[in-house]
Amino acid sequence: MKKFEYRVVSPVAYTKCLDMANSLLDKISKYTQKSIYKISPSDIIDYFENNFNILFVFFESEPTSTIKYNDIVLNFKYQTLNKDLVNRISGATIPKNNRNVIMLNQTMPKPRVFLQFYMNFLIYIFMI
């Protein structure tokens with residue numbers, strides 16, 4: 001990533017997002033029967049895949065038949081995108097026909113993909 005964009009968030013918007021995130025963690029905790037502190041990234045992914053209509057699209061600029069992180073999700077596909085776009089974004093959430101497409105840049109290291117995954121889920125939850 002060559003450029004980052006940050007926006008100031010109002011205290012009201014921040015609190016609303018924090019409350020939604022905490023509510024989501026409570027639901028995942030009940031779903032997994034684990035303490036919030038023991039929830040793993042895989043638990044969160046499993047929860048969303050089993051409770052929401054989501055398609056994961058991994059992307060990069062080079063055509064490939066290999067999806068690097070196909071071990072973290074069940075419902076996925078691959079897409080080649082323009083190099084300039086791939087260099088600018090790490091992911092996106094796109095509502096499409098009663099389904100949300102969560103696009104993740106697979107050129108990122110796995111911890112960064114998980115982080116982007118969480119950010120996209122928060123956007124998804126905010127949208128529903």
Side-chain angles (χ1 to χ4, degrees):
M1 303 293 300
K2 294 179 181 174
K3 183 179 181 182
F4 294 94
E5 178 181 334
Y6 298 95
R7 295 188 183 134
V8 175
V9 177
S10 74
V12 172
Y14 179 86
T15 301
K16 183 177 180 180
C17 288
L18 180 63
D19 291 344
M20 288 174 15
N22 286 331
S23 172
L24 179 59
L25 285 172
D26 286 338
K27 290 176 185 175
I28 295 169
S29 175
K30 289 176 186 163
Y31 173 81
T32 61
Q33 298 181 344
K34 293 182 179 179
S35 154
I36 288 174
Y37 303 103
K38 302 263 183 189
I39 294 171
S40 70
S42 297
D43 292 330
I44 295 170
I45 292 167
D46 181 57
Y47 174 82
F48 274 92
E49 285 192 308
N50 285 294
N51 288 283
F52 298 98
N53 188 7
I54 297 172
L55 171 65
F56 297 95
V57 177
F58 292 95
F59 65 87
E60 63 180 274
S61 61
E62 299 297 322
T64 182
S65 60
T66 305
I67 298 176
K68 283 172 54 176
Y69 303 121
N70 63 355
D71 61 324
I72 62 175
V73 296
L74 299 174
N75 188 21
F76 60 88
K77 70 178 197 172
Y78 174 82
Q79 187 169 352
T80 303
L81 297 178
N82 175 286
K83 185 177 181 177
D84 291 334
L85 183 60
V86 171
N87 288 336
R88 289 189 65 94
I89 67 169
S90 57
T93 303
I94 304 166
K96 185 178 182 181
N97 303 332
N98 296 330
R99 170 183 258 186
N100 280 286
V101 177
I102 296 183
M103 300 188 70
L104 299 166
N105 186 336
Q106 76 169 13
T107 64
M108 303 288 164
K110 198 170 196 174
R112 174 69 180 167
V113 169
F114 275 129
L115 177 62
Q116 187 59 41
F117 183 79
Y118 298 141
M119 297 301 292
N120 280 288
F121 278 141
L122 289 176
I123 291 167
Y124 176 77
I125 290 300
F126 197 72
M127 291 172 18
I128 59 174

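These numbers were taken from a predicted model, which means no experiment stands behind them.
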Give a yes or no on whether the backbone of K34 and the side-chain of S29 come within a donor-acceptor separation of less than 3.5 Å. yes

Give a yes or no on whether the backbone of P11 and the side-chain of T15 come within a donor-acceptor separation of less than 3.5 Å. yes

Side chains of V86 and N105, heavy atoms from C-beta outward: is any pair under 4.5 Å? yes

With sequence neighbours left out, which residue pairs that include part of residues 84-112 fulfil the ring-ring contact (aromatic ring centres under 6.0 Å, His included) condition? none

Do you know which two heavy atoms are closest between L74 and E49, and how far apart they sit? N-OE2, 2.7 Å

Work out which heavy atom in I94 is nearest to a heavy atom in M103; give both atom names and the distance. CD1-SD, 3.5 Å

In the structure I gave you, are the side-chain heavy atoms of D46 and Y31 within less than 4.5 Å of one another anywhere? yes

Looking at Q106 and K68, would you say the former's side chain and the latter's main chain have a donor-acceptor pair under 3.5 Å? yes

Could you measure the distance from the OG1 atom of T93 to the CD1 atom of I102? Nearest 0.5 Å is fine. 5.0 Å

From I39 atom CD1 to D26 atom CG, the distance as rounded to the nearest 0.5 Å: 8.5 Å

Minimum heavy-atom distance between N53 and R99, given as atom pair plus value: OD1-NE, 3.0 Å

Nearest 0.5 Å, what's the CD-CG distance between E60 and L85? 13.0 Å

From T66 OG1 over to Y78 OH, what is the distance, rounded to the nearest 0.5 angstrom? 9.0 Å

Using only atom types and a distance under 3.5 Å, with no angle test, would you say the side chain of D43 pairs donor to acceptor with the backbone of S40? yes

The test is side-chain contact (heavy atoms from CB on, under 4.5 Å); show your working for V73 and F58 and say whether it passes. CA-CA 10 Å; V73 296; F58 292 95; 3.7 Å; yes

Minimal non-hydrogen separation, M108 against I89, with atom names: CE-O, 4.5 Å

Walk me through it: do I67 and F76 pass the test side-chain contact (heavy atoms from CB on, under 4.5 Å)? CA-CA 9 Å; I67 298 176; F76 60 88; 3.3 Å; yes

State the CD1-CG distance between I54 and N51, to the nearest 0.5 angstrom. 9.0 Å

At what distance, to the nearest 0.5 angstrom, does CD1 of I44 lie from OG1 of T32? 9.0 Å

Taking the six-membered ring for Trp, are F52 and Y47 parallel (under 30°), tilted (30 to 60°) or perpendicular (over 60°)? perpendicular

In short, K83 meets S61 closest at the heavy-atom pair CA-CB, 3.6 Å

